[in-house]
Structure formats: structure tokens, C-alpha cells
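Reminder, nothing fancy here: chain letters follow the sequence lines and each chain counts from 1.
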Number of protein chains: 2
Amino acid sequence: MSPTLADIAAASGYSTATVSRALRGDAAVKPETRAAVLKMCAKLGYKPSVGGRILVQGASAFVGLSLGRTDHATARYVSLLHQALSQQLTETGWALRLVGSEDFTSSLSSVGAMIIIGTKNDDPRIQLCREQGLPNVSIGHDSSNTGFSVVPDDGGGARLVARHFARTGRKKMAIMPSWHPEDDGIVRVRAAACLDEGKKLGLHPELLGPVNSLTSTLDGYRSINAARNKISGFDCLFCETDEHAIGARAALVDSGFQVPRDIAVAGFDDLPDLSADLTTVRQDIPRLAATALELVSKARRREPPQQVVLPVELVVRKSG
Amino acid sequence: MSPTLADIAAASGYSTATVSRALRGDAAVKPETRAAVLKMCAKLGYKPSVGGRILVQGASAFVGLSLGRTDHATARYVSLLHQALSQQLTETGWALRLVGSEDFTSSLSSVGAMIIIGTKNDDPRIQLCREQGLPNVSIGHDSSNTGFSVVPDDGGGARLVARHFARTGRKKMAIMPSWHPEDDGIVRVRAAACLDEGKKLGLHPELLGPVNSLTSTLDGYRSINAARNKISGFDCLFCETDEHAIGARAALVDSGFQVPRDIAVAGFDDLPDLSADLTTVRQDIPRLAATALELVSKARRREPPQQVVLPVELVVRKSG
DNA sequence: GTGCAAAATGTAAGCGCTTACATTGATTTT
DNA sequence: AAAATCAATGTAAGCGCTTACATTTTGCAC
């Protein structure tokens, strides 16, 4: 069987209490001690069992993961994030509990903390957590959020794209924003930033009609098809998600355009496999997950709230 | 705080042992007793804590959920299944641990059972579980599988579609199979059964070139577009997934066909929201999840293996 | 009725882990 | 130099739950 806390304690010459504290990140334990304990854990292959009640005795061993109604785990991005969180959480003995939008309220009592994906301004889910005093961390955009949150630098990433287009000699930029009735504004900041930066750089950016979904390649395709007659006026295109960019590129190719010769296409997210040879902005999803979990710890310890913005990175590939 | 086992025991007049047994489904407890206990649990709002070590003391409180490389939680279907499992598992105090295709082997030691999605013949993941003696249940098609498995009645569902087309006076059927290099054969049984039944019914079925993905609406669209000149020879179309059917229908409409007047379109799965007004075959995903979890229990108790096939249901809507 | 196995329940000893409280030794204060 | 403080660790009492084992109840043959 897998070694237990007691095994680690015996092997390293400390008490179970100290080992426990070291693993939980208690400030009372000396750094060298923690290091020794961690080393011994690695050596013996320690894995926490039971989903141990961490930080607060008697509290739930679960972290809830709430998806927005529209995410609904449908997007690759959300699913990757989910997996990263699940994996990293495993190492601490906690467990992730997926919470659907229907049973959010009823789940509050059975989790020790909540991670909320795709928050929007004044998201009612955050309110509910607050009322219950439940530690919560949101991943997504919410300018009004005064709690714990972590977001990728959407605006910065979009500006990188505009600058890249300008640098590579493009003259006229199209921007394809996405829109969904229930998600208003989650991703919109990308289009807005790209628009602004494009103006500054003299790319005369123009918004196309919005795509009626966040993550459907087909909708990206049809949007471009619908705007076919306008397209020849542009030589570069920015889409708010990679799914849209993929659909858009396919539509351009099917309409006889050469990508990137006639028109460069860039997306946002950089999803493994899917984004293949697309020029895009990479989000570091494992890091996003790690940061969210760090914030969960802090929230549980009632430390002061913190809003983190993670850097993103331009990845230039075949499409632009 | 939430009531504990002891609270239930006190309130119902039994010992904690009996209550625990009742909740775990131990055969030693009298049916009336179990009923009384369950009733009291409902009354007091009992929720298991800690992710209690169920059935076998000291065993892991986690059930692993392994996705195939291509599922990668990308498909709506998989994500819905995931959520259903997660929700139902919650009620027993277990937790679901998402296992990526990369770290399957290393996860084996940290879960008490494994649910494997999208298995194919001689799936190596099943082999690995066997070697470790880890209880496992597969969801997916694997004719060679002698362990626990549960699958929807794909063949039966596809035949329902063919019969529906025949009954509504269609004469010539197109079938759009899907294909993915790593998923060979998972869903293929649908096309095969529809082909067979179509022949019997005089629908002169014909296979179109396969769609190079399992769940992309865009690929469905482009496949139909590519076969545009052949399409007018058909008056009904069966697609192996709803995503394909949605893409196909969009392509047909964009090409000037009337759906379902000129050509009827049917898919498979019936995904909430997404499948909206599509004629399709409904899978009962919550039931699939429940069955899988039942099998997990049996597997843990080392009961003899069982292969379950769940019935499906034709849902006729606007597209055909 | 008595006996006896099987069925149903209780008793209590854990499980691996957390944490209130006690202890130790080093550092500072007086 | 004694007293007071503090950082670091140990001690041990739980946490909610499971389960080996003991005990009681039941059903049924004689």
C-alpha cells in the first residue's frame, strides 16, 4: 500500500503533525523542515489519501468547479482548464466537484471552496458564495469583482496580434467579435483591445458582424461566408477564439483566398491539437489552474483578496 | 453544520454501523431498515463528508474517469456524461478524478476504480486495469470486452432512423459516417446498422465519404459541401453524430435545399440545446451514468462481469 | 416449548489525517 | 542572570466513517 503520513514522519524523523503542517503549507514550519519532508514524500512516493480535510477540520474535501450556462464544458478551453485543475488538485488530496448551473445553490453546502468559470459583471454566483461565506475564486472577466480572481491578459494578447499584423506590413484589419446572449462581454474585451490598438497603428480596423456563439467553428465559417463580399477589402483578420479562427480560415480558403498571402488570420487561446498551424495568442492553462488553486488556499485562510492577471504570448504560425 | 452519520443513527434509533451499511448498500441490512434510514437522511439533509472510504476501508475515495485521446472532453456528449457522473457520485461521497490520456498509468494507484470512456477493441487501458486488479467499467464499444461495460444501443438507434425514413416515404438514403484515425470503429456501428436496415427496407443506402472527425459541426458542413453535386440524388441523410447533422443541415440549407422537404436529416445523441430542432436518436445520459456507477459498485464487490446495453429512443423534430 | 442456524444489528477498534494544547530550546528583555 | 518571549515541534484527542467481531433476534425444524 501507499505510504501514509505516519510513514513519512517515521522516515524523516518528525512527528505526523509536523509532516501534516508541512504539506498543508502552515507558516509555523521551518523552511528546511518543509523541504526535508517534501523530499521524503517524493522519495517514498507519498500520495494523500481520503481526500483529507485540508486547512479546516471538518470542512469539505471538495472544491466546486462551476461552469457558466454557456460554457457547459462544451468548449475545449474549459475542458482543458478542468483537467489541469483536476490534476493539480489531486496532488493535494482535494477533489474537484463539477457543478452544473442548475444545482449551483444546492452544491454550496457540500464544497469547501468554489472556483467559478466565466464570471461576468455582478455574477450572481459570486454573490451567493459571499452570502454563505464560502471561499471563492473566479476565472474570467469581472471588472466589478473585489474578491479573488485570475484572468489571462486578454487585452494585452489582442494588442500583440494587432502589433504583429502591423509589423508584418498588413494595412487593413477585420475583427470578428463573438457574442452570446448570456455571455455578454466575457471575451469582448479582446475585440475591443484589438480595435483600439489597430486604430493606433493605422490598421483602420473594422468590426464584422458578431458570431453568434463563443466556440463553434461552424459559426466562424458561416460568419465569414456571409461577409464574403466585404472580405477582399481586408488583409488581416482577428478572431476572438481559435475555434472562430479555424472556421474563418476554412471559409476564406473555400472562397478562394490564400491564407496568409491574401489575408492573415489570427485567433486566441492556442488549444492543443486544434490550433495546429494557427497564429494565435497562447494562454498558459496549467499556470492558470495553478494560480487559481493558490488563490483558493489564500481564500480559505481568509487572506485579503487578490486579482491576478496572467501574461500571454503571441505564437506565430502558418496562418499569419 | 451538516448532520453526520451519528446524527442519522440517533434520530432513527439505529447504530452508526447500521446506518453506514444501509447507505453503502450492504446486503446484510433489512430493506425496511434501509428505507427508514434513507428517509431520515432525506429528512435531515444528510450529505456524506470527507469523500468517505466506501466499501473497502483504506481504499481510495476516487473514481477515475479516463477519456480517450480524441474525446478529450471536447465533445459535448462526453462533457454531459462527465457532469452526470459527477453529480450522481456526489450523493455517495465519492469523488470523480479526471484522468488524461497521458497520465493514465500513474493515476491507477490513486483511484479505487476506473471508468473508461470511448473504449475500442483490446483497449490497452482495460488491460492495464486488469493487471493491477483495479475494478473498471467501460463506456463504449468493445466487442471483445469481457469485463464490465455499458453502451447505448447504437445499432438499434440507427435502425430506428432508417425505419423512420422508410415510413415517411423517403426513397434514397445517404449515410455520412465519421472517422478518426485513433477512434476507428467507436461510432462506426451506427453507420453499419443504418446501412443494413436501409438495404432491407429498400432505401438503397449509400455511404458518403467519411467525415474526418467525430464531433465537429464544421467538418459536417464541409463534407456535405464537398459532396454537393451528389446530394440531389438523395432524399434523406443519416449522420453519426448530432454535430455532423447540424453541420450537414447548414450546408444543405446554404446550398439551397429545403430541409426536410427536399431532404430529411437525422443525427444521433440528442444533446440538450445543441440538437434543438433536429430529428435524432436520444441517449439517456443520466441513466448511462447511473448504470456505469452501479457497475462500479459491482466491480468493487468482485461480482461477475456484466455487459449492459441501454435502449435509445427516436425523437422526430423539424429536420426530418 | 427447545435447539440452532441464519439474519439483522450493535460494539468498538481502528483508518489517515488535522489541530488544540503542551513542550522545548533559543533569543531577547529586564 | 533570571524572566519573558517566541519560533518550532511534539503529544494526543479527536474527525466522520468503516468493519471485524460480538450479540441479539428471527424463523423453523423437531
Side-chain angles (χ1 to χ4, degrees), chain A residues 1-37 40-41 44-62 90-95 109-110 112 297 300-301, chain B residues 1-37 40-41 44-62 90-95 109-110 112 297 300-301:
Chain A
M1 268 285 139
S2 191
T4 89
L5 257 205
D7 295 331
I8 305 296
S12 61
Y14 291 100
S15 68
T16 61
T18 301
V19 173
S20 170
R21 282 191 278 251
L23 290 176
R24 298 281 81 77
D26 191 315
V29 45
K30 195 153 65 169
E32 303 97 78
T33 308
R34 192 201 315 284
V37 167
M40 188 54 74
C41 285
L44 301 192
Y46 171 76
K47 298 195 178 166
S49 89
V50 188
R53 288 135 287 169
I54 302 192
L55 291 181
V56 178
Q57 183 161 40
S60 168
F62 293 94
T90 289
E91 286 155 25
T92 70
W94 283 77
S109 59
S110 64
S297 286
R300 299 216 54 170
R301 293 189 212 144
Chain B
M1 267 286 139
S2 188
T4 88
L5 257 204
D7 295 331
I8 305 296
S12 60
Y14 291 99
S15 68
T16 59
T18 301
V19 173
S20 169
R21 281 190 278 253
L23 290 175
R24 297 282 82 75
D26 192 313
V29 46
K30 195 153 65 169
E32 302 98 77
T33 308
R34 190 202 317 282
V37 167
M40 188 54 73
C41 285
L44 300 192
Y46 170 77
K47 297 195 180 168
S49 86
V50 188
R53 289 133 286 169
I54 300 189
L55 291 180
V56 178
Q57 183 161 42
S60 165
F62 293 95
T90 290
E91 286 154 26
T92 69
W94 283 76
S109 60
S110 66
S297 286
R300 299 214 55 169
R301 293 188 212 144

Atom-to-atom span, [atom1] of [X] to [atom2] of [N] - whole angstrom:
{"X": "A:I8", "N": "C:dG16", "atom1": "CD1", "atom2": "P", "result": "13 Å"}
{"X": "A:Y14", "N": "C:dC17", "atom1": "OH", "atom2": "C1'", "result": "20 Å"}
{"X": "B:D7", "N": "D:dC17", "atom1": "CG", "atom2": "P", "result": "9 Å"}
{"X": "B:D26", "N": "C:dT9", "atom1": "CG", "atom2": "P", "result": "11 Å"}
{"X": "A:E32", "N": "D:dA7", "atom1": "CD", "atom2": "P", "result": "15 Å"}
{"X": "B:K30", "N": "D:dT25", "atom1": "NZ", "atom2": "C1'", "result": "9 Å"}

Considering just the side-chain nitrogens and oxygens of [X], establish if one lies under 4.0 Å of OP1 or OP2 belonging to [N].
{"X": "A:Y46", "N": "C:dG16", "result": "no"}
{"X": "B:T33", "N": "C:dT9", "result": "yes"}
{"X": "A:S20", "N": "C:dC17", "result": "no"}

If you take all heavy atoms of [X] and [Y], which pair is closest and at what distance?
{"X": "B:M40", "Y": "B:A11", "answer": "CE-O, 3.6 Å"}
{"X": "B:Y46", "Y": "B:T4", "answer": "CE1-C, 3.8 Å"}
{"X": "A:R34", "Y": "A:V29", "answer": "NH1-CG1, 3.8 Å"}

_I'd like to check A:T16 versus A:V19 (side-chain heavy atoms, cut-off strictly below 4.5 Å). Are they in contact?_
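When only atoms from C-beta onward are counted, A:V19 and A:T16 do not touch, as no gap falls below 4.5 Å.
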
_So B:L5 and B:L23, do their side chains get closer than 4.5 Å, heavy atoms only?_
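Sidechains of B:L5 and B:L23: in contact.
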
*Which sits closer to the 5' end of DNA chain D, B:T4 or A:P31, going by the nucleotide each is nearest to?*
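Per heavy-atom nearest nucleotide, the more 5' residue is A:P31.
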
Of the nucleotides [options], which one has an atom closest to the side chain of [X]?
{"X": "A:A17", "options": "D:dG10, D:dT18, C:dG16", "value": "D:dG10"}
{"X": "B:S15", "options": "C:dT9, D:dA12, C:dG10", "value": "C:dG10"}
{"X": "A:T16", "options": "D:dT9, C:dT9, C:dT18", "value": "C:dT18"}

*asked:* Return whichever of A:L5 or A:R21 has its heavy-atom-nearest nucleotide of DNA chain C closer to the 5' end.
replied: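 The residue mapped nearer the 5' terminus is A:L5.
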
